[in-house]
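Down below is the structure, laid out as C-alpha coordinates.
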Amino acid sequence: MQTLRSLLFTLWLYLSMVVFAVGLSPALLMPHRQARGVVKLWARFVLFGLRWIAGVKVEFRGLEHRPTGPALIAPKHQGMLDVVAPFAILDDPCFVLKKELMILPFFGWFAWKTKMIPVDRSAGSTALKTMVKQARARLAENRQIVIFPEGTRAPVGAEPDYKPGVAAIYRDLDVPCWPVATNSGVHWPAHGFMRHKGTVVFEFLEPIPAGLKRAEFMKRLEESVETASAALVKPTV
(Lines give C-alpha, C1' and ligand atoms only; values in the text may rest on other atoms or scores of the structure.)
Protein backbone atom coordinates (compact mmCIF):
# COMPACT_ATOMS: atom_id res chain seq x y z
CA MET A 1 0.00 0.00 0.00
CA GLN A 2 2.77 2.46 0.89
CA THR A 3 4.42 1.80 -2.47
CA LEU A 4 1.21 2.83 -4.23
CA ARG A 5 0.86 5.91 -2.03
CA SER A 6 4.46 6.85 -2.78
CA LEU A 7 3.89 6.49 -6.52
CA LEU A 8 0.74 8.61 -6.35
CA PHE A 9 2.56 11.32 -4.42
CA THR A 10 5.42 11.32 -6.93
CA LEU A 11 2.84 11.84 -9.67
CA TRP A 12 1.25 14.65 -7.58
CA LEU A 13 4.68 16.29 -7.14
CA TYR A 14 5.64 16.38 -10.80
CA LEU A 15 2.16 17.28 -12.03
CA SER A 16 2.16 20.18 -9.58
CA MET A 17 5.33 21.50 -11.18
CA VAL A 18 3.70 21.39 -14.60
CA VAL A 19 0.45 22.97 -13.40
CA PHE A 20 2.18 25.77 -11.51
CA ALA A 21 4.76 26.36 -14.24
CA VAL A 22 2.10 26.73 -16.95
CA GLY A 23 -0.84 28.13 -15.01
CA LEU A 24 1.11 30.65 -12.93
CA SER A 25 3.92 31.45 -15.35
CA PRO A 26 2.70 35.09 -15.73
CA ALA A 27 4.19 35.63 -12.25
CA LEU A 28 7.60 35.42 -13.92
CA LEU A 29 6.83 38.79 -15.49
CA MET A 30 5.73 40.32 -12.20
CA PRO A 31 7.74 41.73 -9.28
CA HIS A 32 9.64 39.48 -6.89
CA ARG A 33 6.82 39.41 -4.35
CA GLN A 34 4.38 37.74 -6.75
CA ALA A 35 6.91 35.15 -7.93
CA ARG A 36 7.80 34.37 -4.32
CA GLY A 37 4.12 33.90 -3.59
CA VAL A 38 3.83 31.28 -6.34
CA VAL A 39 6.74 29.29 -4.88
CA LYS A 40 5.26 29.50 -1.38
CA LEU A 41 1.88 28.32 -2.68
CA TRP A 42 3.55 25.42 -4.51
CA ALA A 43 5.48 24.43 -1.38
CA ARG A 44 2.28 24.28 0.67
CA PHE A 45 0.61 22.31 -2.13
CA VAL A 46 3.44 19.75 -2.00
CA LEU A 47 3.29 19.47 1.79
CA PHE A 48 -0.49 18.98 1.60
CA GLY A 49 -0.08 16.11 -0.86
CA LEU A 50 2.77 14.62 1.13
CA ARG A 51 0.56 14.37 4.20
CA TRP A 52 -2.72 13.22 2.69
CA ILE A 53 -1.36 11.00 -0.06
CA ALA A 54 1.89 9.59 1.36
CA GLY A 55 1.04 9.86 5.06
CA VAL A 56 4.06 12.06 5.86
CA LYS A 57 3.38 15.04 8.11
CA VAL A 58 5.80 17.98 8.33
CA GLU A 59 6.28 19.68 11.69
CA PHE A 60 8.29 22.81 12.48
CA ARG A 61 9.83 23.11 15.93
CA GLY A 62 11.93 25.71 17.69
CA LEU A 63 9.94 28.52 16.14
CA GLU A 64 11.07 30.78 18.98
CA HIS A 65 14.48 30.64 17.24
CA ARG A 66 13.14 31.17 13.72
CA PRO A 67 14.71 34.32 12.27
CA THR A 68 12.72 37.10 10.65
CA GLY A 69 14.34 39.66 8.40
CA PRO A 70 17.91 39.23 7.09
CA ALA A 71 19.59 36.07 8.36
CA LEU A 72 21.97 33.20 7.59
CA ILE A 73 20.39 29.75 7.99
CA ALA A 74 22.32 26.47 7.83
CA PRO A 75 20.09 23.35 7.70
CA LYS A 76 20.91 19.68 7.59
CA HIS A 77 20.33 18.35 4.06
CA GLN A 78 18.97 14.82 3.64
CA GLY A 79 16.62 15.15 0.66
CA MET A 80 14.51 17.27 -1.67
CA LEU A 81 12.02 18.13 1.07
CA ASP A 82 14.68 20.33 2.70
CA VAL A 83 14.44 22.65 -0.30
CA VAL A 84 10.63 22.71 -0.40
CA ALA A 85 9.65 23.05 3.27
CA PRO A 86 11.47 26.34 4.12
CA PHE A 87 9.26 28.24 1.67
CA ALA A 88 6.28 27.36 3.85
CA ILE A 89 7.79 28.79 7.04
CA LEU A 90 10.34 31.50 6.16
CA ASP A 91 9.48 35.03 5.00
CA ASP A 92 11.73 35.26 1.94
CA PRO A 93 14.32 32.45 1.71
CA CYS A 94 17.19 32.68 -0.76
CA PHE A 95 18.92 29.34 -1.38
CA VAL A 96 22.52 28.74 -2.31
CA LEU A 97 22.14 25.97 -4.90
CA LYS A 98 23.91 24.11 -7.67
CA LYS A 99 24.08 26.01 -10.95
CA GLU A 100 22.64 22.98 -12.76
CA LEU A 101 19.30 23.39 -10.97
CA MET A 102 18.73 26.75 -12.65
CA ILE A 103 17.93 25.06 -15.97
CA LEU A 104 15.14 22.85 -14.60
CA PRO A 105 11.58 23.63 -15.75
CA PHE A 106 9.50 25.52 -13.17
CA PHE A 107 12.04 25.20 -10.33
CA GLY A 108 14.82 26.82 -12.33
CA TRP A 109 12.57 29.50 -13.81
CA PHE A 110 11.35 30.66 -10.41
CA ALA A 111 14.79 30.23 -8.86
CA TRP A 112 16.08 32.69 -11.43
CA LYS A 113 13.17 35.09 -10.95
CA THR A 114 13.46 35.05 -7.15
CA LYS A 115 17.23 35.58 -7.35
CA MET A 116 18.55 32.42 -5.76
CA ILE A 117 22.33 32.07 -5.56
CA PRO A 118 23.69 29.55 -8.12
CA VAL A 119 27.13 28.05 -7.51
CA ASP A 120 29.37 26.68 -10.25
CA ARG A 121 31.31 24.02 -8.36
CA SER A 122 33.88 23.74 -11.13
CA ALA A 123 34.91 27.39 -10.73
CA GLY A 124 36.83 26.90 -7.47
CA SER A 125 37.73 30.05 -5.51
CA THR A 126 35.99 32.25 -8.08
CA ALA A 127 32.69 30.53 -7.31
CA LEU A 128 33.22 31.13 -3.59
CA LYS A 129 33.82 34.85 -4.12
CA THR A 130 30.76 35.17 -6.38
CA MET A 131 28.60 33.29 -3.87
CA VAL A 132 29.65 35.58 -1.02
CA LYS A 133 29.06 38.71 -3.12
CA GLN A 134 25.55 37.59 -4.06
CA ALA A 135 24.76 36.57 -0.49
CA ARG A 136 25.69 40.06 0.67
CA ALA A 137 23.34 41.58 -1.90
CA ARG A 138 20.44 39.29 -0.97
CA LEU A 139 20.93 39.98 2.74
CA ALA A 140 20.68 43.71 1.99
CA GLU A 141 17.25 42.93 0.49
CA ASN A 142 16.09 41.68 3.89
CA ARG A 143 16.15 38.01 2.88
CA GLN A 144 17.12 34.81 4.68
CA ILE A 145 20.18 33.16 3.09
CA VAL A 146 19.80 29.37 3.26
CA ILE A 147 22.94 27.32 2.66
CA PHE A 148 23.35 23.59 3.26
CA PRO A 149 26.72 23.25 5.04
CA GLU A 150 27.43 19.86 3.44
CA GLY A 151 26.70 21.22 -0.02
CA THR A 152 24.64 18.25 -1.14
CA ARG A 153 22.17 15.67 0.12
CA ALA A 154 23.56 13.04 2.49
CA PRO A 155 21.80 9.79 3.44
CA VAL A 156 20.70 9.38 7.05
CA GLY A 157 23.64 8.20 9.13
CA ALA A 158 26.32 9.27 6.63
CA GLU A 159 29.49 10.81 8.00
CA PRO A 160 29.08 14.62 7.93
CA ASP A 161 31.26 16.56 5.50
CA TYR A 162 30.88 20.29 6.06
CA LYS A 163 32.18 22.55 3.28
CA PRO A 164 33.89 25.99 3.58
CA GLY A 165 31.12 27.92 1.81
CA VAL A 166 29.02 28.45 4.92
CA ALA A 167 32.05 29.75 6.86
CA ALA A 168 32.89 32.19 4.06
CA ILE A 169 29.37 33.66 4.07
CA TYR A 170 29.27 33.74 7.88
CA ARG A 171 32.55 35.65 8.05
CA ASP A 172 31.72 38.10 5.26
CA LEU A 173 28.17 38.92 6.34
CA ASP A 174 29.11 39.16 10.03
CA VAL A 175 25.69 37.95 11.18
CA PRO A 176 24.53 35.14 13.49
CA CYS A 177 23.90 31.74 11.92
CA TRP A 178 20.74 29.74 12.63
CA PRO A 179 21.32 25.95 12.47
CA VAL A 180 18.38 23.72 11.51
CA ALA A 181 18.15 20.01 12.31
CA THR A 182 15.94 17.49 10.53
CA ASN A 183 15.06 13.82 10.07
CA SER A 184 13.64 14.37 6.57
CA GLY A 185 15.74 11.60 5.02
CA VAL A 186 13.95 8.98 7.10
CA HIS A 187 10.63 9.72 5.40
CA TRP A 188 11.76 11.26 2.07
CA PRO A 189 15.11 9.62 1.27
CA ALA A 190 17.70 11.28 -0.93
CA HIS A 191 17.19 8.65 -3.63
CA GLY A 192 14.25 6.58 -4.85
CA PHE A 193 10.53 7.29 -4.92
CA MET A 194 9.48 5.68 -1.62
CA ARG A 195 8.02 7.92 1.06
CA HIS A 196 7.76 6.43 4.54
CA LYS A 197 4.85 7.32 6.82
CA GLY A 198 5.56 9.38 9.91
CA THR A 199 6.52 12.90 10.90
CA VAL A 200 9.31 14.95 9.37
CA VAL A 201 10.63 17.52 11.82
CA PHE A 202 12.49 20.70 10.97
CA GLU A 203 13.90 22.16 14.19
CA PHE A 204 15.31 25.68 14.38
CA LEU A 205 18.14 25.71 16.89
CA GLU A 206 19.64 28.46 19.01
CA PRO A 207 21.62 30.83 16.76
CA ILE A 208 25.40 30.87 16.72
CA PRO A 209 26.58 34.44 17.40
CA ALA A 210 28.44 36.45 14.79
CA GLY A 211 32.18 37.04 14.96
CA LEU A 212 33.54 33.61 15.86
CA LYS A 213 36.78 32.32 14.38
CA ARG A 214 36.27 29.95 11.47
CA ALA A 215 37.33 26.77 13.31
CA GLU A 216 35.15 27.52 16.33
CA PHE A 217 32.18 28.42 14.16
CA MET A 218 32.42 25.25 12.08
CA LYS A 219 32.78 23.11 15.19
CA ARG A 220 29.75 24.66 16.87
CA LEU A 221 27.67 24.46 13.71
CA GLU A 222 28.43 20.80 13.06
CA GLU A 223 27.94 19.77 16.67
CA SER A 224 24.64 21.63 16.90
CA VAL A 225 23.15 20.34 13.65
CA GLU A 226 24.42 16.76 13.90
CA THR A 227 23.50 16.25 17.56
CA ALA A 228 19.97 17.58 17.12
CA SER A 229 19.42 15.73 13.83
CA ALA A 230 20.60 12.45 15.35
CA ALA A 231 18.14 12.94 18.21
CA LEU A 232 15.31 13.43 15.70
CA VAL A 233 16.28 10.38 13.67
CA LYS A 234 16.84 7.95 16.54
CA PRO A 235 13.20 7.44 17.64
CA THR A 236 12.07 6.73 14.07
CA VAL A 237 14.64 4.16 12.89
Side-chain angles (χ1 to χ4, degrees), residues 2-3 5-6 9-10 12-14 17 39 42-44 46-51 53-63 65-66 72-90 93-98 100-101 104 107 111 116-117 119 121 144-166 177-206 208 218 220-237:
Q2 192 59 26
T3 299
R5 296 180 75 175
S6 298
F9 171 72
T10 301
W12 170 280
L13 174 66
Y14 287 106
M17 291 183 180
V39 180
W42 173 72
R44 295 187 179 108
V46 171
L47 296 188
F48 175 84
L50 184 64
R51 178 169 185 174
I53 299 173
V56 180
K57 178 183 176 183
V58 174
E59 178 181 326
F60 297 97
R61 297 180 185 171
L63 294 182
H65 299 307
R66 177 183 52 172
L72 173 63
I73 301 174
K76 182 70 177 172
H77 192 19
Q78 296 178 342
M80 180 180 173
L81 184 58
D82 309 333
V83 181
V84 177
F87 286 105
I89 195 70
L90 294 175
C94 174
F95 281 83
V96 177
L97 44 75
K98 294 185 294 185
E100 295 82 357
L101 295 177
L104 294 178
F107 185 91
M116 300 301 168
I117 302 175
V119 176
R121 294 181 177 180
Q144 297 89 45
I145 310 300
V146 182
I147 179 170
F148 297 114
E150 294 171 276
T152 190
R153 297 173 296 178
V156 174
E159 192 70 22
D161 181 18
Y162 282 50
K163 308 296 185 186
V166 63
C177 177
W178 280 262
V180 179
T182 190
N183 63 344
S184 64
V186 174
H187 304 285
W188 186 328
H191 304 288
F193 72 90
M194 283 297 298
R195 308 293 178 255
H196 304 288
K197 293 176 65 175
T199 301
V200 170
V201 176
F202 290 96
E203 183 176 4
F204 289 88
L205 306 173
E206 187 174 343
I208 299 171
M218 291 297 284
R220 287 185 61 171
L221 176 63
E222 183 171 335
E223 286 180 350
S224 178
V225 172
E226 296 302 319
T227 301
S229 294
L232 293 174
V233 166
K234 189 175 180 180
T236 63
V237 297

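For this chain, numbers begin at 1 and follow the sequence in order. Keep in mind the model is a prediction, meaning the values are calculated, not measured.
- Counting heavy atoms from C-beta on, the side chains of T199 and V201 come closer than 4.5 Å.
- Rounding to the nearest 0.5 Å places OG1 of T152 at 12.0 Å from CG of L97.
- In plain terms, the two heavy atoms of V225 and A74 that are nearest each other are CG2-O, 3.9 Å.
- Proximity of W178 to Q144: side-chain heavy atoms (C-beta onward) are nowhere separated by under 4.5 Å.
- Contact record, F60 with I89: CE2-CG2, 3.7 Å, taken as the closest heavy-atom pair.
- The backbone N or O of D82 lies less than 3.5 Å from no partner atom in the side chain of S184, so there is not a single donor-acceptor pair.
- Under the 4.5 Å side-chain criterion, counting only non-hydrogen atoms from C-beta, L13 is in contact with M80.
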Apply side chain to side chain contact (heavy atoms under 4.5 Å, CB included) to residues M194 and Q2 and explain how you reach the verdict.
CA-CA 8 Å; M194 283 297 298; Q2 192 59 26; 4.0 Å; yes

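- Annotation for L90 and R66: closest pair CD2-CG, 4.2 Å, computed over non-hydrogen atoms.
- Side-chain contact between I117 and C94 is present, with at least one heavy-atom pair separated by less than 4.5 Å.
- Put simply, the side chain of R5 gets close to the backbone of I53: a donor and an acceptor are under 3.5 Å apart.
- The aromatic rings of F95 and F148 are tilted relative to each other, their planes meeting at an angle between 30° and 60°.
- Every residue was checked against the side chain to side chain donor-acceptor pair (under 3.5 Å) condition with W12, not counting sequence neighbours, and none meets it.
- When side chains are defined from C-beta on, L232 does not count as touching V186, because their heavy atoms never get closer than 4.5 Å.
- Put simply, the side chain of I145 reaches to within 4.5 Å of the side chain of V96, judged on heavy atoms.
- Of the inter-residue distances, the one linking L205 atom CG with C177 atom SG reads 10.0 Å to the nearest 0.5 angstrom.
- Using a 4.5 Å heavy-atom cutoff, the side chains of V58 and L81 are in contact.
- Looking only at side-chain heavy atoms (C-beta outward), P189 and H196 come within less than 4.5 Å of each other.
- Taking CG of N183 as the start and OG of S229 as the end, the distance is 8.0 Å to the nearest 0.5 Å.
- Aromatic pair W188/F193: centroids not less than 6.0 angstrom apart.
- Side chain of H187 to backbone of K197: a donor-acceptor contact under 3.5 angstrom is found.
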Under 3.5 Å, which donor-acceptor pairs link side chains of residues 155-166 to any protein atom two or more places apart or in another chain?
{"unit_1": "D161", "atom_1": "OD2", "unit_2": "K163", "atom_2": "NZ", "d": "2.7"}
{"unit_1": "Y162", "atom_1": "OH", "unit_2": "E226", "atom_2": "OE2", "d": "2.7"}

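- Contact between V84 and W42 at its shortest, heavy atoms only, is CG2-CH2, 4.0 Å.
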Run V83 and H77 through side chain to side chain contact (heavy atoms under 4.5 Å, CB included) and show every step you take.
CA-CA 8 Å; V83 181; H77 192 19; 4.1 Å; yes

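- Under the salt bridge (Lys or Arg N to Asp or Glu O under 4.0 Å) criterion, E203 pairs with no residue, sequence neighbours left out.
- In terms of heavy atoms, F87 sits closest to A43 at CB-CB, 3.7 Å.
- The environment of E206 atom CD is sparse: at most 12 non-hydrogen atoms of other residues, nucleotides or ligands sit within 6.0 angstrom.
- In terms of heavy atoms, A154 sits closest to E150 at CB-OE2, 4.0 Å.
- In this structure, T182 contributes its side chain and K76 its backbone to no donor-acceptor pair below 3.5 Å.
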